[in-house]
Novice: 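I have a structure here, written as structure tokens, and I will follow up with some questions on it.
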Amino acid sequence: MPTYRVTYEHIGSKADITVEVPTDAAAGDQRQLEDAIVRRVGERVLPHAELAFRHEDNRTLTEKLAKAYDLVIEDYQRL
């Protein structure tokens, strides 16, 4: 599984985290990759992030985390 270093901000504090993303998501389009990264970061940082992911609306997973938990992915790079 490809590994990414992700820089994020959560409630005003910046941090870095390293996450592994499934190979099929990394090989997919940009949205698939970003959704996989956001899902992994959300699972590691917020144990209840799945509640936001399940909410059915037209927002991306990135937008859902930002709105529900003030967690913003600022940058990511493959290691």
Side-chain angles (χ1 to χ4, degrees):
M1 287 205 281
T3 304
Y4 288 83
R5 175 174 292 133
V6 182
T7 303
Y8 67 92
E9 182 175 336
H10 179 55
I11 311 175
S13 297
K14 292 188 180 206
D16 290 326
I17 192 170
T18 302
V19 295
E20 291 183 341
V21 176
T23 304
D24 59 335
D29 64 15
Q30 189 70 19
R31 172 105 184 243
Q32 263 186 310
L33 172 62
E34 289 177 0
D35 283 352
I37 289 172
V38 168
R39 184 172 295 279
R40 294 289 185 167
V41 171
E43 290 169 351
R44 298 260 313 268
V45 176
L46 304 164
H48 49 283
E50 188 63 35
L51 296 174
F53 297 151
R54 284 192 219 155
H55 188 76
E56 293 188 27
D57 58 19
N58 294 329
R59 294 179 289 163
T60 65
L61 295 182
T62 303
E63 294 168 335
K64 289 177 183 183
L65 274 188
K67 173 103 173 136
Y69 301 111
D70 197 23
L71 191 146
V72 178
I73 303 295
E74 294 184 343
D75 189 36
Y76 60 87
Q77 63 184 28
R78 188 171 179 166
L79 300 178

Novice: Mind listing the closest non-hydrogen atom pair of Pro2 and Thr23 along with its distance?
Specialist: CD-OG1, 3.7 Å
Novice: What side-chain hydrogen bond (donor to acceptor under 3.5 Å, both in side chains) pairs are there with at least one residue in residues 36-46, not counting sequence neighbours?
Specialist: Arg39-Glu50
Novice: Heavy atoms only: give me the nearest Arg59-Lys64 pair and the separation to one decimal.
Specialist: O-CE, 3.4 Å
Novice: If the condition is salt bridge (Lys or Arg N to Asp or Glu O under 4.0 Å), which residues does Asp75 pass it with, not counting sequence neighbours?
Specialist: none
Novice: Without swapping roles, check the side chain of Glu34 against the backbone of Arg31 for a donor-acceptor pair under 3.5 Å.
Specialist: no
Novice: Using a 4.5 Å cut-off between side-chain heavy atoms of Ile, Leu, Val, Met, Phe, Trp and Tyr, which other residues end up in the same hydrophobic cluster as Leu71?
Specialist: Tyr4, Val6, Tyr8, Ile17, Val19, Val21, Leu33, Ile37, Val38, Val41, Val45, Leu46, Leu51, Phe53, Leu61, Leu65, Tyr69, Ile73, Tyr76
